[in-house]
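What follows is a short report on a single structure.
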Amino acid sequence: MSALLEVSGITAFYGASQALFGVDLIVNEGEAVALMGRNGMGKTTTIKTICRMMSHRDGEVRFADTDLAKLPSHKAARLGIGLVPEGRRCFARLSVMENLMAAARAGEWDFDRVADLFPRLAERRDQKAMTLSGGEQQMLAIGRALMTNPRLLILDEATEGLAPVVRQEIWAAINRLKQSGLSILVVDKSLKELSGVADRYVVVEKGVTAWTGAVGDLTDDLADRYLGV
Amino acid sequence: MSMNRETILNIVLAALLIAVPVIAQIMGEPFIITLATKVAILGMAGVGLNIALGFGGLVSFGHAAFFGIGGYAAGILASHALNYEPIMTAPFEINGTTQMIVIWIVALIASALVALLIGAITLRTSGVYFIMITLAFAQMIYYFAISWPAYGGEDGLSIYVRNSFPGLNTLDPISFFALCAAMLGVAIAFSAVLIRSRFGLALHGARQNSQRMMAIGIAPFRVRLVAFVISAMITAWAGALYADLNRFVSPSMLSWHMSGEIMVFVILGGVGRLFGPVAGAALYIILEHLLGGMFEYWQLPLGILLLVVVLFARGGLIGLLAGERKHA
Amino acid sequence: MFSLFLEQLLNGLQSGVMLFLMASGLTLVFGVMGLINLAHGSLYMVGAFACAVVAAWTGSFWLGLVASLMAAALAGALVEMLVIRRLYKRDHLDQVLATFALILIFSEGTRWIFGSFPLFLNVPEALSGTLTIPGGSQYPIFRLAIIVAGLIVAGGLFLLIGKTRLGTRIRAGEADREMIAALGINIDRLYTIVFALGAALAGLAGAFVGTTQSVQVGMGEPVLILAFVVIVIGGIGSIKGALVGSLLVGFTDTMGRFLLPLGFEAFFDPASATAIGSALASMLIYIVMALVLFLRPSGLFGTEA
Amino acid sequence: MPEAILSLSNVTKQFGALRASDNVSLDLMPGEIHALIGPNGAGKSTLIKQIAGEIKSDSGNIRFGGRDINELDAVERSRMGLARTFQVSSLMPEFSVLQNVVLAQQSVSGKIFRFFKPVLSDASLIEPAMAQLERVGLADRAQMRAADISHGERRQLEMAVALALKPRAFLLDEPMAGMGPEGSKRLTGFLDGLRAEAPILLVEHDMDAVFALADRISVLVYGRVIATGTVDDIRGNEDVKRAYLGEEA
Amino acid sequence: EPVKVGMITTLSGGGAGLGIDARDGFMLAVKQANNPDLTVVIEDDQQKPDIAVQLADKMIQSEKVDVLTGIIWSNLAMAVVPSAVAQDKFYLSVNAAPSQLAGKGCNPNYFSVSYQNDNLHEAAGGYATSAGYEKTFVMAPNYPAGKDSIAGFKRFYLGDVSGEVYTKLGQTDYAAEIAQIRASGADSVFFFLPGGMGIAFMKQYAQSGVDIPLIGPAFSLDQGILGAIGDAAIGIKNTANWSKDIDNDTNKAFVETFQAEYGRLPSIYASYGFDTANLLLSAMGKADVNDKDAFRDALRAADFNSVRGKFIFGPNQHPIQDIYVREVVKEGDVLTNKIIGTALIDHADAYASECAM
Ligand SMILES: Nc1ncnc2c1ncn2[C@@H]1O[C@H](COP(=O)(O)OP(=O)(O)OP(=O)(O)O)[C@@H](O)[C@H]1O
Ligand SMILES: Nc1ncnc2c1ncn2[C@@H]1O[C@H](COP(=O)(O)OP(=O)(O)OP(=O)(O)O)[C@@H](O)[C@H]1O
Ligand SMILES: [Mg+2]
Ligand SMILES: [Mg+2]
């Protein structure tokens, strides 16, 4: 198994204030990794750095054997990083269909397949994204990331605000995506559901990778220490 | 408590604004005093606009309307007084005046009423729509002034002699400067206090998120309207002074170029900064007069300089010198 | 009287379409890219000057027209890459100041190169002359041609923005530039293209309009304000809105100038009627704009912000 | 039986062809947490907006504190003591965390049009505001810009702002969303105590929290209340399982 | 006894052409005279009245000039002149000469070298009458100068006015007005549309196929803008107190040297600038500028060679002069004006009697 994404020792700043102090993280081809940590510990910041929405200072981010340091965001995405961002960020004035088409790149994922995954989106295909319910927007954000036909799907709190049934569906879908060979990096709050999908956990605390290990290795002790559960 | 850089900068700016005309007076360069007076007055108009634009996020592209209303208040009252024609005879007689204080009060009241009316309509819109609808109202007033013959139309109205202020020879450049600088000081002090007050906090809030404002039980519309009126009044006050500086008013005070110019002062100096408008006005006017004498195509270097300032100085001149602000 | 009325209607339509040529580019840049571009009028001027110079040099209006498109698009692309690109993330107000500075640069630069006197540009041979319209009046062919050109542009833009993926992506970028980039779209290049396209439309308008008025420095400013009025009435970012707004302004202005003085003659002596009527006519479009925004705060076809 | 603080009868809202809330009737009793659950797009947030006065109902009646409030706008309803949080955080991004709360505090004091006295040295506003931040665990972030705190922290700030309003009823739209496991646990405990201060209409998808907290649960599907009852009633309801809970029941 | 002149004129923006011509004409005369006692400071008023006022302040307070000149636009003149002459500076107008300054507001320190604003319009009225027109359509922008122009025209026009239209200042599309002209049944059109407005109107008029003859004051058909109107201008009659074919040696020399110096034909504004400078130089030769009365008398004597031939001031210190009718013609490739007659002889303005000087 080879590393698809390799983040080593990155630091990152918002203006003068440092948010990341040394994050290490590896996602291998075909693997699903869960990035965990309490609120404000640097999960989203790490993801933004990977997607080149912000740049890191020290350390290195490599994806598919390419150093991302100098790449603009869109080039990183074209290498195969698909992002479902925190807070959804659907294009508010565009319809569901347009949101999806804006992202579309050739590959096996197309509108029909996304519609199979989320029938609700098909029902609402001409509705403006800003009038969708929270959960519908979440589905749209996932669908949109899939439309880019990524090699690595990054989900930042992708099930936030979803009804239990839908959440179960989405986890099932994520599982299927994983089965189909897609690599996945996921941030979520529900340990229970993560454990069903993830191969490994990476825990960040105060901007530093504090623990990495296989799912089974996260003892209750550790979970309490790092996640407060 | 140590002073932050912006405060120090503001003190330096204020000191410069006062020192330069004093030195000019000693050196016998009255025109420099006139220029400084212009900076003070247009800076004050900017201070007015800044309350709406900088603090309230209300980008008014029609503040020339208020500037002009102030100017015409001075022009009309003075011209009636000079010609000994009452403004109105029935049902009771109203006469013109050359007393600045009376003129200012009239300017403040008139602009407040107009701003209340314009604000009540325009504040229903937001963003670019607000920019344009304020422009629309200013343009209506502008075209009215151009084609209304009673007070000179496009030709404007001459006052001939500066209006008077008790205990001051307003015709003396340095005295008139002192008066304008003092009024600028009042306007700045007022906006400084305003912005730290409860109202100021509400105004900042209304700019950022009206949904949240309503949810906590504050009607953003009312907050904005009050800010708009206050802003208009200060600009009108500056307009009255500008009429006296030039001893002349004309519709050009009402034109969109004037609105744009006041806006440029504010942006150039630093939006939402206390001394921003003054710094912006000073820089612009100095450049205009330095370059204007040097080169026939002087607006070219002026444009390039402005562009450099926007591109490389975030937060305008004050932002460049004092560093970016942390938060409101 | 009937034929006069008809002719005035046609004039209103034509002046509306002419406005649309200008406003469409502005609404594209403004609505789609969220950029307040005061220098749009300067690009219009660039188009007119390019057309006038090339037409005088080669003797062909059509080459001038091509030149106007190219010059304005080039100027637009340059401006976008050198200046505008740094401003997307900034406040609208920084954009106002920067594009105001650009007006100064363009105007004085043009004056430096071409002098302070207006240039000559005339209607091409093929389109000069008049046509008899119903009612018997003569109507200039060129003005009819402008109507056709404007409608073609309107249709083309409508398809481009509303129906193509390029258009969708452009609109998505307005909502969230960072996000559209994270989806793998080169938003910088896309915006350069849009800006150049908007500029080219302005240049086209400049070339057309230049044939019927004076090609001189500062010609862009009055039209700029009008174009802003138009897109605000129509609703920012909406091509349909720009078209409807243009026509509304065109008709209002033309008919107001024509009918208001006549109307006031019913109440005043002719001299005052003309004076009052024309004073009101010059305010009319602003009154209409205020009224529209009063009733619909985000324009006729605008979406609530 | 005590009178309901908030009571909806036959409230309806139509968006084009879609009926987002359809003849909804429900009550919020003093001291209770009434959870409102339902699939995504069922109309929960729409209902909250209708109660808060952000959208006008097409028909039906809303009473609050013994008074019909149908004609009141959002501002007036808030002043009457209805405080709400937003599903997607809606804050003053440029304000510090503290200023966000102070602004709410000042609204409660009712004195907005004060032009002279400086607000940020006004202990009568700062102290209670700090106390609210303390309660939600954000005191150490007080001086950060709201835009610069993390997503979960913003959710906490939403809560603090609502608390500052000292309302007579809370409308909470997914307060747990975005909170980490630890945060959710803490917030659950916190809300449990809060119901004594004022009753809560709680929209939430986190079933652990709902089942732990709710006195009553109403289930909204396609704009209609299909069931109302205790936690056990709802857990056992087959319709609810199918439409919403899935395996979580 | 050195003399310092402050010239405030429009050198930037859309109206710059006029100011540049006036300045170039003025400076040509200064250069030719090569009088070391004369210095000139020039500033750009940007066509804004407030800037003009401030420049006047600057020139008076800091530059300590003795004479002001250069203003093109009436509204700027109204802003500057009254206070300048009140401060005992001389003002010599190279163009703008509003009625207020000719009548009640006349001042011994104020001289108009060009004309009084109404003059050319009056001449157009006179010409329309003598050409036998009976139904004239009149049109001007809706601002004071526009209304003055129509009043001036009517003062000397004996026929009927078949339509009267005030357009918006700065208007660029005249289709609606042209339609009205076509429908009015007029036998002639008088229009006063300075600058770009006139260019736009004449181009559109030519395009519209309406062939009712146009009459206007020289402003819309002057050398600086004829090129921009193109052949559409050919044949249009316009009234002027100067033309490049006025037959005298001064004028011939002026036209030649101007063209040699600047590479273009002089415009009417250039001629005013040139005359103004020569008037000033003539007074400098006779009197000390610090002896105001003597200098004023020397100016009043107008003892210089004008490009217009004879030149005398009336009692209100505005010229009494012949006003010609010109027609636009093409000389080779260049459009220019040719005198075809005289509209008014020894014409004085209508306000002189109100002047208490
Ligand atoms: N735009 C910003 N400017 C300054 N600081 C920021 C900004 N965004 C986040 N931070 C800070 O960086 C740290 C890490 O934030 P980040 O969003 O990465 O946390 P997170 O782990 O994703 O938390 P959550 O689970 O709440 O989403 C936090 O302390 C936060 O306050
Ligand atoms: N302004 C609107 N115009 C049209 N449809 C709307 C509008 N607002 C909401 N809707 C639709 O109404 C339905 C209810 O939306 P609402 O936001 O109330 O759902 P919700 O129950 O809060 O869902 P979630 O749990 O996902 O937040 C959704 O299908 C949504 O698309
Ligand atoms: Mg996060
Ligand atoms: Mg919801």
Side-chain angles (χ1 to χ4, degrees), chain B residues 53-54 57 59 61 118 121-144 146-149 153 256-257 260-261 263-268 271-272 280 295-316, chain C residues 30-31 34 36 38 82-83 86-87 90-109 111-112 116 221 224-225 228-229 231-233 235-237 275-276 278-299 302 304-305:
Chain B
L53 181 149
V59 185
F61 200 0
I118 294 183
I121 299 172
T122 57
L123 286 170
R124 290 163 45 92
T125 65
S126 62
V128 176
Y129 297 98
F130 180 79
I131 301 184
M132 293 314 295
I133 192 172
T134 45
L135 171 74
F137 278 98
Q139 289 290 85
M140 284 182 220
I141 297 177
Y142 170 73
Y143 280 110
F144 176 76
I146 280 195
S147 39
W148 191 39
W256 70 270
H257 291 102
E261 213 163 273
M263 199 157 61
V264 165
F265 297 153
V266 176
I267 306 171
L268 189 58
V271 173
F295 178 49
E296 181 170 335
Y297 303 102
W298 61 274
Q299 291 187 354
L300 191 62
L302 177 69
I304 293 171
L305 274 170
L306 290 183
L307 200 57
V308 168
V309 174
V310 214
L311 290 184
F312 301 109
R314 290 196 138 195
Chain C
F30 193 174
I36 299 196
L38 297 182
L82 295 178
V83 179
R86 301 161 200 269
L87 298 175
R90 306 270 195 97
D91 204 310
H92 270 339
L93 290 172
D94 282 353
Q95 303 170 356
V96 167
L97 181 55
T99 51
F100 170 80
L102 284 174
I103 295 186
L104 296 181
I105 293 172
F106 269 110
S107 296
E108 287 296 281
R111 214 162 64 82
W112 202 2
S116 299
E221 290 176 29
L224 175 74
I225 292 280
F228 268 110
V229 168
I231 64 172
V232 163
I233 289 182
I236 291 162
I276 301 172
S278 12
L280 201 60
S282 50
M283 292 185 244
L284 198 59
I285 55 164
Y286 297 103
I287 297 176
V288 168
M289 164 153 112
L291 214 63
V292 167
L293 291 186
F294 181 72
L295 298 172
R296 292 186 64 104
S298 30
E304 205 63 56

Do you know which of C/I225, C/D94, C/V83 has the most heavy-atom pairs under 4.5 Å to chain B? C/I225
Quick check: closest heavy atoms across [X] and [Y], and the distance to 0.1 Å?
X      : Y      : result
B/W298 : C/E108 : N-OE1, 4.1 Å
C/A290 : B/M140 : CB-CE, 3.8 Å
B/V264 : C/L97  : CG1-CD1, 3.6 Å
C/A101 : B/G303 : CB-O, 3.3 Å
B/Y143 : C/M283 : CB-CG, 3.7 Å
B/M263 : C/V96  : CE-CG1, 4.4 Å

If I measure from the heavy atoms of chain B, does C/F106 come under 4.5 Å with its side chain, its backbone, both, or neither? neither
At a 4.5 Å cut-off on heavy atoms, which part of C/L82 comes close to chain B: side chain, backbone, both, or neither?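 Only the backbone of C/L82 comes within 4.5 Å of chain B.
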Are side-chain heavy atoms of C/I36 and B/V128 found at a separation under 4.5 Å?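 They are in contact (side-chain heavy atoms under 4.5 Å apart), so the answer is yes.
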State, yes or no, whether a side-chain contact exists between B/L311 and C/L87 at a heavy-atom distance under 4.5 Å.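 Yes, close enough: below the 4.5 Å cut-off.
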When you measure from the side chain of B/Y129 to the backbone of C/S298, do you find a donor-acceptor pair of N or O atoms at a distance under 3.5 Å? yes
Residue list, side chain to side chain donor-acceptor pair (under 3.5 Å) with B/W256, at least two apart or on another chain: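 Here no residue qualifies.
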From [atom1] ([X]) to [atom2] ([Y]), nearest 0.5 Å:
X      : Y      : atom1 : atom2 : value
C/F294 : B/I133 : CZ    : CD1   : 9.0 Å
C/I105 : B/I304 : CD1   : CD1   : 5.0 Å
B/Q299 : C/I103 : CD    : CD1   : 10.5 Å

Proximity breakdown for B/F144 and chain C, heavy-atom pairs closer than 4.5 Å: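 Answer is both: backbone and side chain atoms of B/F144 are under 4.5 Å from chain C.
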Answer with side chain, backbone, both or neither: which region of B/L268 has an atom nearer than 4.5 Å to a non-hydrogen atom of chain C?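 The answer is both parts of B/L268.
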Go through B/L300, B/L306, B/I121 and name the one with the most non-hydrogen pairs under 4.5 angstrom from chain C. B/L300
Heavy-atom pairs under 4.5 Å with chain C are the metric here; pick the option from B/L302, B/T125, B/I267 that has the most. B/I267
Please walk me through it: do B/V59 and C/L93 pass side chain to side chain contact (heavy atoms under 4.5 Å, CB included)? CA-CA 8 Å; B/V59 185; C/L93 290 172; 3.7 Å; yes
Test: salt bridge (Lys or Arg N to Asp or Glu O under 4.0 Å). Region: residues 129-139 of chain B. Which pairs qualify, not counting sequence neighbours? none
Let me know which of C/V232, C/I231, C/I233, C/I236 forms a side chain to side chain contact (heavy atoms under 4.5 Å, CB included) with B/M132.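 Testing each of C/V232, C/I231, C/I233, C/I236 against B/M132, the sole residue satisfying side chain to side chain contact (heavy atoms under 4.5 Å, CB included) is C/V232.
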